Number of protein chains: 2
Amino acid sequence: MEKQTVTIYDVAREAAVSMATVSRVVNGNPNVKPATRKKVLEVIDRLDYRPNAVARGLASKKTTTVGVIIPDVTNAYFSSLARGIDDIAMMYKYNIILTNSDENGGKEVQVLNTLMAKQVDGIIFMGNQVTDELREEFKRSKAPVVLAGSVDAEKAQPSVNIDYVAAVAEAVKNLIDHGNQKIAFVSGSMDQAINHDYRLKGYKKALKDAGISYDDKLVFETDYTYKAGQSLEPALTAAGATAAFVGDDELAAGVMNGLTDAGVDVPSEFEVITSNDTKLTELVRPKMSSITQPLYDIGAVAMRLLTKLMNNETVDENTVILPYGLMKRSSTK
Amino acid sequence: MEKQTVTIYDVAREAAVSMATVSRVVNGNPNVKPATRKKVLEVIDRLDYRPNAVARGLASKKTTTVGVIIPDVTNAYFSSLARGIDDIAMMYKYNIILTNSDENGGKEVQVLNTLMAKQVDGIIFMGNQVTDELREEFKRSKAPVVLAGSVDAEKAQPSVNIDYVAAVAEAVKNLIDHGNQKIAFVSGSMDQAINHDYRLKGYKKALKDAGISYDDKLVFETDYTYKAGQSLEPALTAAGATAAFVGDDELAAGVMNGLTDAGVDVPSEFEVITSNDTKLTELVRPKMSSITQPLYDIGAVAMRLLTKLMNNETVDENTVILPYGLMKRSSTK
DNA sequence: CGCAACATTGAAAACGCTTTCAAGTCAAAG
DNA sequence: CTTTGACTTGAAAGCGTTTTCAATGTTGCG
């Protein structure tokens with residue numbers, strides 16, 4: 001009942017050559033006489049031989065697969081990166097082992113270990129809370145690790161991101177320029193480096209530059225979910241905010257819809273600007289103004305960087321910063 | 001410079017037992033004296049030994065990884081399924097090799113082949129156009145294949161779906177009950193089985209049951225994109241439609257917003273009902289009424305089914321149909 | 001105490017491929 | 001003719017586990 005599998009040995013016998021030769025033609029090694037190559041190729045075709053990647057991996061110590069740790073595929077921001085990653089991976093003949101981590105440190109460590117056990121050639125990590133334990137695992141990993149759209153306070157790992165502090169500062173400045181004095185800062189957990197070490201800094205910088213004093217009553221730390229945003233309305237208005245910078249699009253859609261549903265008009269009474277420029281920003285009404293990020297490219301560049309690392313090529317810059325922009329749509333004046 | 005890797009052999013030597021014994025304790029084989037088990041475990045811990053999954057895969061002919069072919073991770077419908085798949089996979093100690101196919105037959109076949117080369121233990125396929133070539137590949141695959149949220153006219157493969165024709169019929173009936181006579185049917189390519197063999201049938205059935213004659217001028221075949229939906233407005237109104245059933249949420253958001261932007265009020269002047277009940281339906285205004293599908297569960301059940309198949313357990317029902325519902329929100333009266 | 005029955009263990013053969021190294025070929029050069 | 005060096009090839013040793021099979025130990029019981 002087991003389907004028969006033909007091995008390199010069968011091909012060798014059938015073609016009356018050695019396994020080594022078959023291996024050579026399969027791998028495109030030029031040191032094979034054209035005539036033999038042709039003969040072997042014919043047999044391969046006739047027998048429908050397909051090299052076993054596992055055996056190949058064991059022998060060559062390369063699996064041509066990379067591990068990708070993602071907080072949640074269902075999140076538009078990360079899935080966009082993932083798409084970029086996969087496309088470039090495919091381009092370079094790699095496959096992706098994708099695992100959701102829910103940004104849960106324990107799960108991340110565990111997943112990392114099974115990836116390493118599977119001998120992946122490299123790893124792309126997404127998630128903004130690089131715990132010490134995680135950092136340790138990265139270090140001991142013999143496979144290179146690059147962070148995509150994710151920051152770590154101690155820039156130990158290669159990574160590709162945008163300049164979050166500048167981007168947020170610019171976004172907030174924009175809000176300030178529109179006359180807002182009380183601008184809310186809405187984001188996910190402050191434990192995440194991207195929030196406390198980057199976004200908040202950008203926020204504070206913009207405030208400071210404009211001579212507005214920082215008020216932590218205007219900082220809202222919540223979940224990255226639509227619902228969380230939606231239920232933020234009372235607090236937002238209670239705090240007297242007239243605008244908000246939000247760290248995630250789905251969350252932003254929530255606060256915007258929450259506001260609108262409560263009768264607060266966006267943008268005339270309350271402006272909101274979001275961070276990731278996912279499709280979402282175009283779907284909601286009003287359309288959301290946003291920091292723009294080359295999402296796909298962040299993933300793509302990260303994967304490209306990883307290929308170089310896996311190939312032991314020297315890379316001039318380990319931490320690459322891609323350009324961002326600001327897209328004015330209808331949630332800001 | 002190469003990081004040293006400790007093998008089962010090192011553990012065996014260090015613990016003064018044979019590789020076989022080490023293998024036994026690693027795999028939880030009970031035939032080991034407690035004392036030896038303890039001794040081996042200590043050495044494993046001390047040496048920080050981690051089994052090489054590739055070698056294990058070669059020897060045991062099981063890789064504990066399954067291939068997942070997805071049209072596009074970036075699509076909310078499919079990424080929801082993917083999440084269900086990954087969670088259950090993890091629960092059963094499997095990993096997922098995820099590849100985007102863009103529903104491109106050639107790419108799908110190629111991807112399928114590299115998955116098989118990598119000796120995946122099973123495959124989950126998403127995509128609604130099972131070409132003959134693809135079907136052939138499925139057949140010759142020694143790894144079981146299950147379709148998730150995807151139909152094939154000739155139900156050769158195990159699959160998990162909802163009853164699309166009944167669901168669509170019910171949705172359309174709902175529209176009819178609201179007094180609509182000219183109901184548009186908007187979907188992606190009619191080459192896809194799910195559209196011509198399921199959704200359209202449900203649509204026709206509802207029409208027939210209500211004594212309304214079918215008019216193919218009301219059938220709109222387009223891309224599954226927001227933009228495509230948005231630009232459909234002129235055609236929709238030109239055709240005199242007062243309601244539409246749409247086969248994809250992003251597409252539906254497009255048609256709805258296109259309508260609204262053109263000054264057509266939803267739902268008072270035009271009703272729309274969509275198909276997948278992704279997060280999207282809640283984000284747009286008005287919120288979209290939709291067929292509800294247990295997205296996560298479709299993926300989860302598909303993966304669970306696959307584990308049984310991989311385990312050679314007998315499954316009573318190869319094609320499972322999960323329950324659907326109808327969620328009335330604000331895009332219908 | 002002797003033996004059957006069962007519990008533990010180890011030796012060694014796979015698993016299917018890559019890779020090193022030496023050997024064999026062959027044509028151009030001397 | 002030899003010699004030399006460039007090409008081609010094959011033999012065989014891994015790669016790190018699992019697994020089979022036989023051998024060795026132990027225990028219970030009459």
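Because the structure is a prediction, the values reported are computed rather than measured. In the text below, chain A, chain B and the rest are named by the order of the sequence lines, each starting its count at 1.
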Under 4.5 Å between any side-chain heavy atoms of [X] and [Y], yes or no?
{"X": "A:Thr307", "Y": "A:Glu313", "value": "no"}
{"X": "A:Ile8", "Y": "A:Ser23", "value": "yes"}
{"X": "A:Leu112", "Y": "A:Ser141", "value": "no"}
{"X": "B:Arg24", "Y": "B:Thr21", "value": "yes"}

Using every non-hydrogen atom in the two residues, find where A:Gly122 and A:Leu306 come nearest and quote the distance to one decimal.
C-CD2, 4.0 Å
Does a side-chain N-to-carboxylate-O contact under 4.0 Å join A:Glu42 and A:Arg46?
no
Does this structure show an ion pair linking B:Arg83 with A:Asp102, if we count only N-O contacts that are shorter than 4.0 Å?
yes
Please enumerate all residues that pass side-chain hydrogen bond (donor to acceptor under 3.5 Å, both in side chains) together with A:Lys39, with sequence neighbours excluded.
none
Strictly by ring-ring contact (aromatic ring centres under 6.0 Å, His included), give each pair with a member in residues 85-126 of chain A just once, sequence neighbours left out.
A:Phe125-A:Phe138
Reading 5' to 3' through nucleotides 10-20 of chain D, protein heavy-atom contacts under 4.0 Å coded B for base, S for sugar-phosphate only, - for none
BB--BBBBBBB
When you check every protein heavy atom under 4.0 Å of nucleotides 22-27 of chain C, what one-letter string (B, S, -) results, 5' to 3'?
------
Name the one of A:Thr63, A:Thr64, A:Thr65, A:Asn52 that satisfies side chain to side chain donor-acceptor pair (under 3.5 Å) with B:Lys118?
A:Thr64
Counting only N and O atoms by type, is there a donor-acceptor contact under 3.5 Å from the side chain of B:Ser79 to the main-chain atoms of B:Asn75?
yes
Verify, without hydrogens or angle tests, whether A:Asn128 (side chain) and A:Val151 (backbone) share a donor-acceptor contact under 3.5 angstrom.
yes
Heavy atom of residues 29-38 of chain A under 4.0 Å from DNA chain D: which residues?
A:Asn31, A:Val32, A:Lys33, A:Thr36
How sharply is the helix from C:dC1-D:dG30 to C:dG30-D:dC1 bent, taking the axes over five pairs at either end and rounding to 10 degrees?
50°
